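Encoded as structure tokens, the structure appears first; notes follow it.
In what follows, chains are A, B, ... by sequence order, proteins preceding strands, each numbered from 1. In this text the structure is predicted, and so the values were computed from the model without any measurement.
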There are 8 protein chains.
Amino acid sequence: MNPKTIEALFNQYKEGAIDIKDAMMKMKELPYKNLDYANLDNHRSLRTGFPEVVYAEGKSLEQLRGIISYQIKEGDTSILATRVTETQFEYLKDLSSELKYDPLSRTITLKRDDTEDIKNRYIAVVTGGTSDIPVAEEAAVTAEIFGSRVERIYDVGVAGIHRLFSKIDLIRRARVIVVVAGMEGALPSVVGGLVESPVIAVPTSIGYGASFNGLSALLTMLNSCAAGISVVNIDNGFGAGYQACMINRIQ
Amino acid sequence: MNPKTIEALFNQYKEGAIDIKDAMMKMKELPYKNLDYANLDNHRSLRTGFPEVVYAEGKSLEQLRGIISYQIKEGDTSILATRVTETQFEYLKDLSSELKYDPLSRTITLKRDDTEDIKNRYIAVVTGGTSDIPVAEEAAVTAEIFGSRVERIYDVGVAGIHRLFSKIDLIRRARVIVVVAGMEGALPSVVGGLVESPVIAVPTSIGYGASFNGLSALLTMLNSCAAGISVVNIDNGFGAGYQACMINRIQ
Amino acid sequence: MNPKTIEALFNQYKEGAIDIKDAMMKMKELPYKNLDYANLDNHRSLRTGFPEVVYAEGKSLEQLRGIISYQIKEGDTSILATRVTETQFEYLKDLSSELKYDPLSRTITLKRDDTEDIKNRYIAVVTGGTSDIPVAEEAAVTAEIFGSRVERIYDVGVAGIHRLFSKIDLIRRARVIVVVAGMEGALPSVVGGLVESPVIAVPTSIGYGASFNGLSALLTMLNSCAAGISVVNIDNGFGAGYQACMINRIQ
Amino acid sequence: MNPKTIEALFNQYKEGAIDIKDAMMKMKELPYKNLDYANLDNHRSLRTGFPEVVYAEGKSLEQLRGIISYQIKEGDTSILATRVTETQFEYLKDLSSELKYDPLSRTITLKRDDTEDIKNRYIAVVTGGTSDIPVAEEAAVTAEIFGSRVERIYDVGVAGIHRLFSKIDLIRRARVIVVVAGMEGALPSVVGGLVESPVIAVPTSIGYGASFNGLSALLTMLNSCAAGISVVNIDNGFGAGYQACMINRIQ
Amino acid sequence: MNPKTIEALFNQYKEGAIDIKDAMMKMKELPYKNLDYANLDNHRSLRTGFPEVVYAEGKSLEQLRGIISYQIKEGDTSILATRVTETQFEYLKDLSSELKYDPLSRTITLKRDDTEDIKNRYIAVVTGGTSDIPVAEEAAVTAEIFGSRVERIYDVGVAGIHRLFSKIDLIRRARVIVVVAGMEGALPSVVGGLVESPVIAVPTSIGYGASFNGLSALLTMLNSCAAGISVVNIDNGFGAGYQACMINRIQ
Amino acid sequence: MNPKTIEALFNQYKEGAIDIKDAMMKMKELPYKNLDYANLDNHRSLRTGFPEVVYAEGKSLEQLRGIISYQIKEGDTSILATRVTETQFEYLKDLSSELKYDPLSRTITLKRDDTEDIKNRYIAVVTGGTSDIPVAEEAAVTAEIFGSRVERIYDVGVAGIHRLFSKIDLIRRARVIVVVAGMEGALPSVVGGLVESPVIAVPTSIGYGASFNGLSALLTMLNSCAAGISVVNIDNGFGAGYQACMINRIQ
Amino acid sequence: MNPKTIEALFNQYKEGAIDIKDAMMKMKELPYKNLDYANLDNHRSLRTGFPEVVYAEGKSLEQLRGIISYQIKEGDTSILATRVTETQFEYLKDLSSELKYDPLSRTITLKRDDTEDIKNRYIAVVTGGTSDIPVAEEAAVTAEIFGSRVERIYDVGVAGIHRLFSKIDLIRRARVIVVVAGMEGALPSVVGGLVESPVIAVPTSIGYGASFNGLSALLTMLNSCAAGISVVNIDNGFGAGYQACMINRIQ
Amino acid sequence: MNPKTIEALFNQYKEGAIDIKDAMMKMKELPYKNLDYANLDNHRSLRTGFPEVVYAEGKSLEQLRGIISYQIKEGDTSILATRVTETQFEYLKDLSSELKYDPLSRTITLKRDDTEDIKNRYIAVVTGGTSDIPVAEEAAVTAEIFGSRVERIYDVGVAGIHRLFSKIDLIRRARVIVVVAGMEGALPSVVGGLVESPVIAVPTSIGYGASFNGLSALLTMLNSCAAGISVVNIDNGFGAGYQACMINRIQ
């Protein structure tokens with residue numbers, strides 16, 4: 001239940017299209033919808049400005065279908081599910097022809113919102129290597145579903161730093177920068193020293209041996225000697241894209 | 001050497017107050033000033049919009065004095081040194097009567113900037129407990145020296161959550177929120193679920209036993225189930241205040 | 001061999017139904033039954049008030065069948081096996097039509113006890129998310145097999161804290177509360193600050209990256225700033241349900 | 001502000017001893033008292049049945065004095081501060097002759113409560129070694145200040161297990177058992193297998209080398225093969241005594 | 001090439017059965033046999049009293065076959081390979097009808113030695129649980145192949161400690177005791193406090209959550225407060241059985 | 001694009017074989033070739049003396065094919081891809097009959113370079129065990145593709161140290177020594193104490209239990225009491241072979 | 001109370017020197033002596049063949065004095081206290097002129113036993129470096145107080161392995177070998193491959209950086225590829241000396 | 001005893017200046033000099049080309065004095081002791097006026113060698129920050145005492161990367177590069193991508209919080225995506241300088 005639905009409800013009541021009992025009945029689900037296995041946070045959109053996002057990992061096919069179909073039925077304008085497998089999508093795709101699955105970022109999206117996207121400013125999503133792209137795409141898709149423009153700058157890691165410098169202007173003009181890197185995770189420090197926008201660093205689990213599934217990159221980013229960098233969980237492209245979008249929406 | 005100094009130099013040359021040789025001599029130090037033990041990044045202010053900040057820990061008295069006195073001489077308008085002990089300040093305080101030492105946040109500041117601060121929006125700095133205040137103050141002082149207004153909301157941790165709710169409006173109206181917490185570090189998750197501004201979480205080393213000097217709080221914050229949260233290093237109030245200020249300055 | 005069986009034995013002897021040699025023969029197995037690969041602790045029920053519970057993980061099909069069939073033969077009134085796979089259950093189910101398998105909690109139960117359950121007080125089992133439900137069910141099933149009433153309150157995590165508050169009365173009236181949470185594991189701290197009953201916190205392995213398979217949630221719970229919280233091993237729903245039942249049985 | 005104070009207030013108003021304005025003024029501080037650096041949770045006693053406990057570590061002398069003197073002034077009937085150094089107590093002791101300092105458990109207590117203690121049941125506090133006693137005393141003092149009777153059974157570790165067996169009856173009759181152990185931390189597992197009361201295990205930081213300041217004992221206790229054991233943070237005698245008291249108070 | 005083969009060689013030469021050239025040719029391989037991918041340590045038996053043991057994990061079928069067939073050809077009297085899969089054994093079993101595979105301990109053995117085993121003293125191999133038996137069997141088989149007698153005492157863990165006491169005499173009379181335990185690994189501490197023989201403790205990877213694949217049990221054993229205990233690697237039944245055999249062979 | 005290709009381009013222009021526009025067009029790709037998902041670092045060969053090496057793990061079949069086919073088309077003289085699976089090679093092998101796949105080291109190589117290899121000096125690649133050979137071969141193949149001669153000395157670990165001593169002369173005469181070892185990783189320390197050439201130590205993930213996938217060997221090597229040893233990541237045969245080749249090429 | 005004291009008691013009774021009441025009174029303390037803060041395990045000597053050893057670290061001066069004076073009064077023939085500071089000894093030395101303090105091993109010893117030491121066999125105590133000597137001396141003193149002969153072979157670490165080989169015969173003839181090493185801890189592996197006696201490895205906390213206070217050496221020893229090695233806790237010279245003595249006493 | 005001393009000995013004998021008995025007596029100490037607490041490795045210089053270096057940490061004043069005075073007496077031409085405190089030097093300085101103490105690198109050096117240093121090539125020692133200089137100086141002093149020329153490039157970390165680029169030519173022309181960095185340790189990756197010489201990376205313990213005393217920088221360097229980098233222990237300037245010198249000496 002998004003802010004527009006609630007506004008509409010008030011107007012319907014004012015215009016006499018519904019009586020108070022029906023209005024209240026619909027309002028009953030405002031705080032959350034209890035699906036037994038899940039309490040969908042309908043109030044979230046009002047409270048935080050963003051609708052609830054579905055984290056598909058660890059949910060059964062039935063649970064996932066129940067949640068998404070409720071969201072579609074409610075007329076949610078920006079549906080996003082992350083960490084979705086192809087198998088999960090197969091089980092869901094008949095729910096609506098508008099549902100789109102992107103295998104690279106492993107997301108399902110459905111966008112009905114008719115509001116204008118923010119066009120005059122953008123988020124730069126930068127990766128160190130080719131293998132970091134899926135996480136970067138999770139960030140990019142998340143930012144886009146909530147109305148941000150994204151510029152992608154991929155495979156510009158520190159081992160061949162001239163590749164980064166050739167793109168530095170595009171990165172510098174972004175309002176906020178998401179930097180995704182695995183292995184030693186040094187890219188955010190270098191980018192952070194070159195720009196005046198906030199950098200959100202995303203460590204990835206790319207690497208082997210002493211990368212310890214992304215721990216090494218995570219520690220690198222937390223200890224960055226460049227100021228203006230904050231960090232999200234390993235492989236958490238969603239979290240970075242979400243916060244970047246929050247910053248990008250600031251008027 | 002801050003942007004205004006450079007602009008002044010251009011104007012002095014245009015007006016004939018200095019000749020090209022003198023202008024170039026002054027420009028020579030633009031990229032950095034070599035003090036042997038330190039290369040002061042004069043270009044930083046142009047490149048990132050923020051002057052260089054001095055991290056005092058691990059620097060000798062002589063090194064610290066050399067760096068600060070150079071900054072004062074250059075006419076830097078916002079000098080900030082962090083992690084400064086009282087002993088270090090004693091050794092520096094004759095350099096300028098404008099230098100201020102704050103024992104709580106352990107910072108030295110000197111502010112000459114005559115530009116108007118950003119007043120119509122603010123950063124909320126929130127702590128879980130009383131012992132987290134020094135780190136929070138490092139964040140607050142950092143944000144203030146670079147021109148942000150800060151609202152402090154201290155000791156509102158999750159064990160008595162009504163204290164948080166009584167302040168939630170003040171927190172919600174902030175443009176960006178810094179949440180500082182030690183022990184289990186749960187506060188950012190609760191705040192993050194209640195607001196639509198980005199949250200920068202700062203774990204502190206407050207705790208004992210399995211807090212492992214802040215590691216527990218750090219992991220909690222990285223794994224937050226609330227979206228819109230990013231994290232800085234343990235006790236890194238400076239980093240949080242700096243990035244919060246970056247976001248607060250966005251037009 | 002449960003307390004009632006022993007009592008019956010004494011009475012049979014007193015009434016002359018069996019002679020002393022037969023009685024002693026039956027008593028021989030009281031301390032434990034040696035199955036070669038396992039020494040079943042028959043004395044446990046007398047000593048601790050609870051019969052032995054079978055941990056199925058890592059046991060071969062033959063071993064499991066041997067143990068369960070011995071328990072059935074002995075007339076145990078509350079049989080519980082945890083971490084049972086469907087394959088394991090298939091191999092066992094012909095032993096008794098009373099054996100029930102629950103795929104969600106992965107438990108086998110058999111309850112013959114005719115004693116009245118404790119009805120006027122209950123255990124609240126609370127989860128942060130949907131994915132924590134299997135662990136919560138292991139706790140709930142364990143508490144129920146030993147005679148406790150359980151109230152389930154699922155998916156009320158801290159990211160949408162109003163969901164918790166809408167259920168807080170039900171939680172507060174419980175005699176003991178089991179709180180199950182993965183990711184950052186902050187829920188027990190919030191609950192602990194709102195109630196006067198003891199809270200048993202169960203970290204789950206739900207999460208990714210720096211959750212390190214539940215380590216993050218475990219540390220959070222151990223460092224809780226709310227008093228009255230103790231913690232069991234990651235995913236150890238059984239242990240929490242068992243101790244909660246112990247507390248609930250206190251007269 | 002404890003429940004009795006509030007009750008008295010209602011009665012004073014009913015009897016006309018105070019007018020509504022004064023009553024409301026006094027009620028204003030009910031949720032919490034703001035001391036700038038601390039928000040004292042006055043509501044806690046009503047909400048959780050226990051008054052707020054002061055954790056002295058990391059608090060300045062001034063902060064500590066401010067908090068304790070407020071509690072004394074409010075007439076709190078059970079004041080408890082933990083992790084108090086002798087220096088801190090010196091700075092506080094003139095506040096009231098009723099304040100008692102115990103150097104072994106490092107606690108300050110003040111008990112004015114005239115309610116009868118719970119006498120017919122008790123908590124057993126057990127240690128593995130001599131060096132674990134300070135943590136055990138923190139647990140014992142905590143339980144006693146809130147009205148429980150405590151039996152102390154010290155230095156009965158597993159390396160000479162007959163010492164434990166000679167005390168096992170005293171331990172078994174306890175309503176709840178706190179077991180404190182460092183080094184390998186095996187004692188809770190042995191005790192847990194012998195009793196039918198819940199066991200709260202407290203790992204201590206006693207040990208060296210691979211004890212990693214209590215981490216080894218903590219892991220041992222979390223992995224206990226005996227059921228009915230839950231665990232608190234390393235050296236957290238307070239937490240164990242508090243929860244034990246909660247369980248002991250159950251009617 | 002075992003000591004007896006060398007002795008025979010000397011005698012053959014002395015008796016003129018072979019000439020010096022042939023003798024030297026045979027001696028050439030004494031220090032080690034180079035199989036390209038492996039340098040078999042033929043000298044080992046002379047140097048350490050034990051022949052080389054084959055660790056099968058990570059070796060290809062061809063490598064394993066090459067090594068074992070060389071050992072058979074050389075007339076080695078005690079062949080032992082550990083961590084052997086059934087697939088590996090299938091590929092080897094035609095080499096000799098004397099090769100025996102034990103699926104529980106995952107060992108291949110071949111024993112031709114006609115020397116009398118040590119009968120008047122024995123090694124006790126003790127386990128905490130049923131799931132620890134495979135590791136215990138690796139220890140037992142290793143000790144037996146090198147001539148020791150082994151007594152097995154399984155599933156006598158600390159959660160039901162009377163099971164241990166009922167077997168304590170058998171354990172006490174052993175010359176050396178191998179104690180195998182997973183989860184919290186407390187058994188060696190209890191055994192160590194009851195006996196006067198050396199205890200070799202073997203942590204196993206049995207457990208879940210904070211057992212961290214045996215790390216918890218390993219730390220417990222290293223920190224044992226009972227003296228006389230030393231520890232081998234997680235799941236290293238072979239190492240424990242080997243050292244136990246060394247001690248048992250002492251005259 | 002290797003140095004020779006660029007030199008040829010200059011000569012073609014000088015000789016009038018191409019005009020300036022075509023020359024510049026070809027030079028456009030010098031810094032890097034953008035394949036969308038990868039920015040191939042063509043400048044690398046000029047800058048570091050070594051062409052770019054392809055790390056196949058985590059790259060899709062399409063990405064890998066795109067990169068290798070570009071390198072072949074550009075006439076790169078030394079193509080090396082590491083961590084290549086057989087499946088990946090199957091998808092690539094039709095690109096050129098010159099591509100060779102080595103299943104042991106999991107590398108693809110293509111060598112067209114007609115320059116003479118460095119023959120009068122060599123790199124020694126030494127392993128502790130048989131299972132370390134795949135990592136050692138990755139090092140050897142890497143060194144060979146870039147023109148070094150390699151001597152292989154395998155399975156000479158410290159448990160039978162005479163095997164090492166029998167090869168010590170061959171090792172001592174090497175210009176640089178790569179020592180590959182898993183489990184306790186002690187071999188580099190012993191070798192380092194016996195030679196005057198630099199030793200590059202490679203820990204492998206061979207082992208079990210407390211080897212923690214190579215962490216144990218890594219720590220051993222970092223703490224070596226022998227001087228002259230540096231270390232690369234776990235299983236990073238490529239990195240060791242690469243740096244060894246750098247040192248071997250020094251004139 | 002050592003075995004001889006008990007034997008004497010029996011004889012005194014038989015000879016009528018004491019009556020049964022007095023005999024029983026003396027026997028009352030046999031299982032343990034309760035000193036409130038410590039339960040001295042008098043039965044230990046009968047049960048394990050070794051008297052109780054006092055671990056001084058973390059004990060107060062009063063506690064230590066109470067324990068040692070009780071042992072002296074009881075006529076214990078082999079008193080050993082470990083980890084004793086000079087300050088602690090100052091507080092104790094007036095108890096008996098026979099008490100000896102050794103600052104290197106930080107032990108107090110008192111030996112009255114008139115039994116012949118085991119002379120025809122010995123324990124070798126070997127160290128990698130000079131800094132490991134204090135831990136080695138703790139092992140040696142422990143073995144000697146309980147009647148073993150010790151040969152010391154110090155500073156023969158693997159970085160100059162010829163030093164080890166020059167002493168190898170002395171080491172080989174030992175019945176059991178204690179190998180003490182810090183940093184990378186490789187020495188036990190090399191020794192273990194050269195001898196046929198059991199090796200007890202002691203990691204020390206000597207080192208810096210990634211030695212992590214002995215963790216690196218501990219892991220090395222646990223993962224040793226040489227068979228016949230077991231390990232004790234970091235810096236646990238006592239534990240190694242104790243178990244070595246157990247093995248050395250085997251008839 | 002350095003190679004020249006031995007050569008002189010041979011010549012003295014040939015010329016009849018000493019007889020064979022005296023010559024042999026002097027040769028007796030060649031393998032090592034036994035000082036009881038230390039076996040000085042005299043043979044080291046012959047075997048590895050470098051004399052033994054003294055690691056002062058953890059050695060007593062007497063031990064240190066014994067070792068250094070032996071080296072001076074033997075006429076060692078390049079004496080180096082590392083990790084020397086001022087107190088230790090005070091106790092040593094009367095041994096020879098040639099001993100020099102450098103408080104920054106905490107080294108003692110004595111250089112008598114009259115051989116020409118290697119002048120036409122040099123080692124670059126680079127640091128990320130000012131606080132890394134002591135470790136860098138340990139590397140530089142080590143390389144210099146053994147005859148290498150060193151160029152120092154300090155405080156050129158990645159947060160202001162233009163400082164590095166302004167020095168890149170000096171760095172590129174070095175034969176081998178030592179890169180010293182704390183905090184996130186990203187500098188070696190950036191340098192490694194820009195040069196064709198081998199890079200030896202030294203993590204330092206500079207940093208706080210999640211730097212975990214240098215662990216973060218260590219992991220970063222081990223996971224570097226730039227090839228040609230190997231790593232030494234945290235703060236191990238000596239090890240890096242030593243290996244760099246080995247490489248620099250290659251003819």
Side-chain angles (χ1 to χ4, degrees), chain B residues 127-132 155-165 168 171 179-196 199 201 203-231 233-234, chain C residues 127-132 155-165 168 171 179-196 199 201 203-231 233-234:
Chain B
T127 77
T130 299
S131 308
D132 302 318
D155 195 26
V156 294
V158 298
I161 209 165
H162 60 294
R163 300 176 300 182
L164 175 68
F165 286 123
I168 196 64
I171 297 171
V179 183
V180 183
M183 302 183 86
E184 87 270 60
L187 189 56
S189 290
V190 175
V191 172
L194 295 167
V195 301
E196 58 182 308
V199 170
T204 72
S205 53
I206 299 302
Y208 61 91
S211 95
F212 298 125
N213 303 312
L215 176 60
S216 170
L218 171 61
L219 292 179
T220 304
M221 294 172 183
L222 286 168
N223 286 289
S224 178
C225 57
I229 296 173
S230 62
V231 187
N233 196 1
I234 298 162
Chain C
T127 77
T130 298
S131 308
D132 303 317
D155 195 25
V156 294
V158 299
I161 208 165
H162 59 293
R163 299 175 302 182
L164 175 68
F165 286 124
I168 196 64
I171 297 172
V179 183
V180 183
M183 302 183 86
E184 86 272 60
L187 189 56
S189 291
V190 176
V191 171
L194 294 168
V195 300
E196 55 182 311
V199 170
T204 70
S205 53
I206 299 301
Y208 62 91
S211 93
F212 298 125
N213 302 313
L215 176 59
S216 171
L218 171 62
L219 292 178
T220 303
M221 293 172 183
L222 286 168
N223 286 288
S224 179
C225 57
I229 296 174
S230 62
V231 187
N233 195 2
I234 298 163

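With chain C as partner, the option from B:A186, B:G207, B:A226, B:S189 having the largest number of non-hydrogen pairs under 4.5 angstrom is B:S189. When the candidates B:E184, B:M221, B:M183 are compared by the number of heavy-atom contacts under 4.5 Å with chain C, B:E184 comes out ahead. Between chain B and the options C:G193, C:A217, C:A159, C:G185, heavy-atom pairs under 4.5 Å are most frequent for C:A159.
Taken to the nearest 0.5 Å, the OG atom of B:S230 stands 9.5 Å off from the CG atom of B:L222. With rounding to the nearest 0.5 Å, the separation of OG in C:S205 from CG in C:L218 is 11.5 Å. In this structure, CD1 in B:I171 is found 5.0 Å from CG in B:L164, a value given to the nearest 0.5 Å. A distance of 9.0 Å separates CG in C:L187 from SG in B:C225, rounded to the nearest 0.5 Å.
With a 4.5 Å cut-off on non-hydrogen atoms, B:Y208 touches chain C through its backbone but not through its side chain.
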